[in-house]
Structures are given as structure tokens and as C-alpha cells.
Amino acid sequence: MPSLKDLRNRIKSVQATQKITSAMKMVAASRLRRAQEQAEAARPYAERMERVVASLSRRMTGLSGAPPLLVGTGRDEAHLLVVTTSDRGLAGAFNASILREARRRIRELERGGKQVLILTIGRKGRDSLRRDYRRLIWESLTEVGRRRLSFEDAREIARPILDLFESGRFDRCTILYNRFRSALTQIVTAQQLVPLTAPEGAAAEEEGAAGAVHEFEPSEEEILSELLPQNLAVQIYRALLESAASEQGARMTAMDSATRNAGEMIDRLTLNYNRTRQAAITKELIEIISGAEAL
Amino acid sequence: MAERVDFELATPERLFLTESVEMVVVPGTEGDFGVLSGHAPLISTIRPGAIAIYEGGRIARRIFVNGGIAEVSPERCTVLAEAAEPTDGLDRAAIERELQTLEGNLPLLREEIARASEAERERLLSELHSLERQAAIGRAKLQTLAEIERG
């Protein structure tokens with residue numbers, strides 16, 4: 001039976017924890033709003049870019065001389081896996097679910113005799129994957145977009161990836177990130193960046209229905225050679241934005257349930273405390289009464 | 001003059017501008033082109049320069065873009081630029097200073113590349129490339145300012 005003092009201390013400590021988790025929840029909520037706005041603002045560019053790339057790639061696929069970024073190197077030996085995690089923890093299953101999927105993929109690729117390269121974004125991914133796959137890690141980036149994620153951040157990630165592709169070190173590149181559905185659900189998503197999977201969506205259909213045949217200035221090849229690297233950066237930017245929103249959403253949810261759990265714990269401890277106090281009082285009374293009776 | 005074009009200017013971070021305009025002149029890589037309603041479908045890359053929006057036959061405003069791509073359809077003109085800013089935000093002195101530093105650095109970097117080892121060269125070359133691009137953007141900004149002054 002814990003003493004009254006122990007219980008009081010216990011309650012105080014849980015209350016302090018609850019204050020922290022509830023503050024973290026508030027912070028996550030306001031960051032989430034900002035991240036969502038940013039993701040919203042970035043959408044028009046990405047959608048239009050997709051439309052242009054789709055319309056160009058439909059004309060180019062099958063043609064010889066199509067750029068490798070679009071159609072691939074023709075080999076399927078080396079894979080680059082970009083794993084997007086957060087720098088900080090306490091975000092529920094946010095990092096764990098991405099890392100689980102990353103490990104599964106790495107194992108699968110290695111079993112298939114492929115060569116694997118890993119690029120980790122975020123401290124959590126680096127720390128976790130470094131334990132088992134140190135030899136495969138090509139690069140680790142942390143503190144990406146710490147203040148505010150900008151397109152420049154995405155471009156700085158895209159540039160070395162493009163250089164690496166140029167030097168023929170990988171044939172396929174996939175980015176793993178948490179797609180934001182709601183604050184409650186984030187979906188682990190794998191998107192192939194190289195070669196570009198033909199975006200088949202509403203945008204492509206709309207274009208097809210309109211039957212617009214564009215003129216190109218300069219040639220398709222030249223436009224594509226400018227557009228594809230830019231598109232890579234755009235896709236990475238989008239993944240980073242989704243991941244940032246997901247991180248805040250996951251943290252908000254995790255901190256919300258932590259706050260609730262702390263509340264329940266405090267209730268239980270308070271009940272226990274009151275019972276113990278009552279028991280002590282009763283005991284004292286019994287002692288006094290039986291003392292009086294004995295006289 | 002009822003027919004108008006829907007002009008959209010988007011940057012990766014936000015939709016910069018969307019409005020219905022009479023005519024817009026876009027600095028294409030192979031020369032400026034004007035877009036009126038009913039323009040033939042076109043996809044063109046653009047060079048750093050000013051986009052001019054025309055109302056009533058004269059320039060209503062100019063926006064500087066540092067390159068990107070334009071997609072034109074009969075009803076619509078969409079410009080995807082890496083960055084955009086209104087030309088009245090351009091500061092000549094600041095641009096000239098920046099350009100001077102850039103142009104001072106370029107020869108140094110070229111020298112370094114000539115001496116660099118094979119492994120280093122690639123990184124330096126891409127750095128050179130990005131500096132050259134920045135310099136080109138700076139020059140285009142100055143040119144835009146000069147054009148505005150001429151009227």
C-alpha cells in the first residue's frame with residue numbers, strides 16, 4: 001500500500017506530464033493547420049505540371065530518344081529508396097509504419113538480387129535504418145524544412161538524386177512517405193519517381209477528351225529535358241509537404257490520447273488517494289475509540 | 001472586345017495569380033509570344049524575363065519570372081514559373097550588387113574546375129551551372145528594368 005505522500009507525488013507528476021502532452025497537442029494542431037495550407041497552396045502548380053508532363057510523355061513514350069528519366073534506363077538492377085521520416089518522435093506510429101514498409105521493401109529487393117541504395121530524410125529514419133543497413137545508406141538528410149519547408153529544400157534533395165542517376169548508379173527511384181488523409185489517418189505511400197510512372201488521373205483524361213494537340217517550342221525533347229528534373233523536385237516537394245502534414249496530424253492524435261490517458265490515470269490515482277486517506281482516518285478513529293473503551 | 005484569356009501564374013509554393021486578361025505576352029525561350037483568346041495550343045519553355053499583361057492595348061502590369069514553362073490553349077494561358085515577383089518589387093541597386101559578386105565568382109570557380117579532380121569536378125560543374133543561371137536571371141531583371149524605363 002503506497003503512502004499518502006507517494007500518491008500525492010505520483011498525481012503531481014502525472015499532472016505535469018499531462019500539461020506537456022496537452023501543450024504539444026496544441027502546437028501540433030496549429031502546425032498542422034499551417035502544413036495543410038501550404039500543401040493546399042502547392043497543389044495548383046503540381047497539378048498543372050502533371051498535366052503538361054502527361055501530355056508530353058504520351059507523345060514521347062515508345063519513341064526512341066525518350067529521356068531515361070521518363071522511360072527508365074532499360075535495366076532494373078539498382079534501386080534508390082527515399083525514406084521520409086521526421087526529425088522528432090512522439091508522433092505515434094508515424095515513423096514506425098514508414099520504417100516497417102522500408103524494411104520490407106529492402107528485404108524484398110535484396111532477395112530479388114537487386115542492389116539497394118537508401119536516402120533517408122529525417123533523423124528518425126537515419127537512426128533506425130543505420131542500425132541494420134548502414135552499408136546501403138547513400139545519404140542522410142536531417143532538419144529538412146525545419147522552420148518552413150520551401151521548394152528550394154526539395155530542389156536541393158532532387159539535385160544530387162539527378163546527379164546520381166546521371167552517373168548511372170540507380171535505375172529506379174521510389175519515395176516512401178506518409179500521405180495525409182486526416183489527422184487520424186496517414187497512409188504509407190510509395191511513389192515511383194524514376195522512371196516516371198505515367199500519371200493516370202482525371203487530368204490526363206480531361207486532356208485526352210479535349211483532344212488538344214499542342215505545338216512545342218522548342219522541341220518536345222528539349223522541353224522534357226528541362227521539365228523532368230523540375231518535375232522530380234515538384235514530386236519530392238509534394239511528398240515532403242504531405243509528410244509534414246501527416247507528422248503533425250499523427251503527433252496531434254498521439255498527444256490527444258496521451259492527454260486523455262493521463263486524465264484517466266489522475267482520476268484513478270485520486271480515487272486511490274482519497275480511499276487511502278479515508279482508511280487512515282478510520283484507522284485513527286478506531287484507535288481512539290478502542291482506547292477510550294479500554295479505560 | 002469580349003473575348004478574354006484566363007491567365008494563371010503558378011509557382012511551386014503557391015498560385016501566384018489567376019485572372020482574366022485581354023492579352024498576355026510571355027517571354028518564350030525562342031522569342032516572346034503574345035496570347036490572345038483563341039491561341040493555338042502550345043507548350044513552350046520560357047526564359048527569365050517579364051510577363052506583360054495588357055489591358056486596353058497597353059501594359060497594365062508586369063511580373064518577372066525566372067524561367068519555367070507555359071501551356072497555352074484557346075481559352076487559357078498557364079505559366080508554371082519557378083519563382084515570380086512583380087516588377088515594381090525589383091531593386092536595381094541590389095540586383096547590380098548581386099550580379100557583380102556573381103560575375104566576380106564565376107572566373108574563380110572556372111579556374112577551380114580546371115584544377116579539380118575527377119570526383120570534385122561534377123559537383124563544381126553543377127555549382128557553376130547554378131551560378132550562371134543566377135547571373136542570367138540577374139541580367140534579365142536589369143534588362144526588364146531598362147525596358148520599363150524606356151516605357
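Every chain is numbered from 1 and lettered A, B, ... according to where its sequence line falls, protein lines coming before strand lines.
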| request: Spell out the residues in residues 81-94 of chain B that have some non-hydrogen atom less than 4.5 Å away from a non-hydrogen atom of chain A, in order of number; otherwise answer 'none'. | output: B:A81, B:E82
| task | For chain A, find its close neighbours in residues 102-110 of chain B: heavy-atom separation under 4.5 Å, sorted by number, or none. | result | none
| query | So A:N178 and A:T84, side chain to side chain donor-acceptor pair (under 3.5 Å) or not? Walk me through it. | reply | CA-CA 8 Å; A:N178 272 299; A:T84 325; over 6 Å; no
Using 4.0 Å as the upper bound for N to carboxylate O, is an ion pair formed by [Y] and [X]?
X      : Y      : answer
A:E247 : A:K124 : no
B:E8   : A:R48  : yes
A:E156 : A:R159 : no
A:R34  : A:E37  : no

| field | Residue-level interface, residues 224-244 of chain A with chain B, non-hydrogen cut-off under 4.5 Å | value | A:E226, A:L227, A:Q230, A:Y237
| Nearest atoms (heavy-atom pairs only) where B:Y54 meets B:E22 | O-CB, 3.3 Å
| query | What do you reckon, is CD of B:E55 surrounded by more than 12 foreign heavy atoms closer than 6.0 Å? | reply | yes
| query | Should we count CZ of A:R33 as having more than 12 external heavy atoms under 6.0 Å? | reply | no
Using residues 26-50 of chain B as the side-chain source, report each donor-acceptor pair under 3.5 Å to any protein atom, sequence neighbours left out, with the distance given to one decimal.
| from | atom 1 | to | atom 2 | distance (Å) |
| --- | --- | --- | --- | --- |
| B:T29 | OG1 | B:T45 | O | 2.7 |
| B:T29 | OG1 | B:T45 | OG1 | 2.4 |
| B:D32 | OD1 | B:R47 | NH2 | 2.2 |
| B:S37 | OG | B:E3 | OE1 | 3.3 |
| B:S44 | OG | A:E217 | O | 3.1 |
| B:R47 | NE | B:G28 | O | 3.2 |

| task | Indicate yes or no: at least one non-hydrogen side-chain atom of A:L80 is less than 4.5 angstrom from one of A:F165. | result | no
| task | Using only heavy-atom distances, determine whether the side chains of B:T18 and B:D6 contain a donor-acceptor pair under 3.5 Å. | result | no
| query | Is the side chain of A:D87 donor-acceptor paired with the backbone N or O of A:E143 at a distance under 3.5 Å, no angle test? | reply | yes
| Could you give the distance from NZ (A:K114) to CD (A:E77), rounded to the nearest 0.5 Å? | 6.0 Å
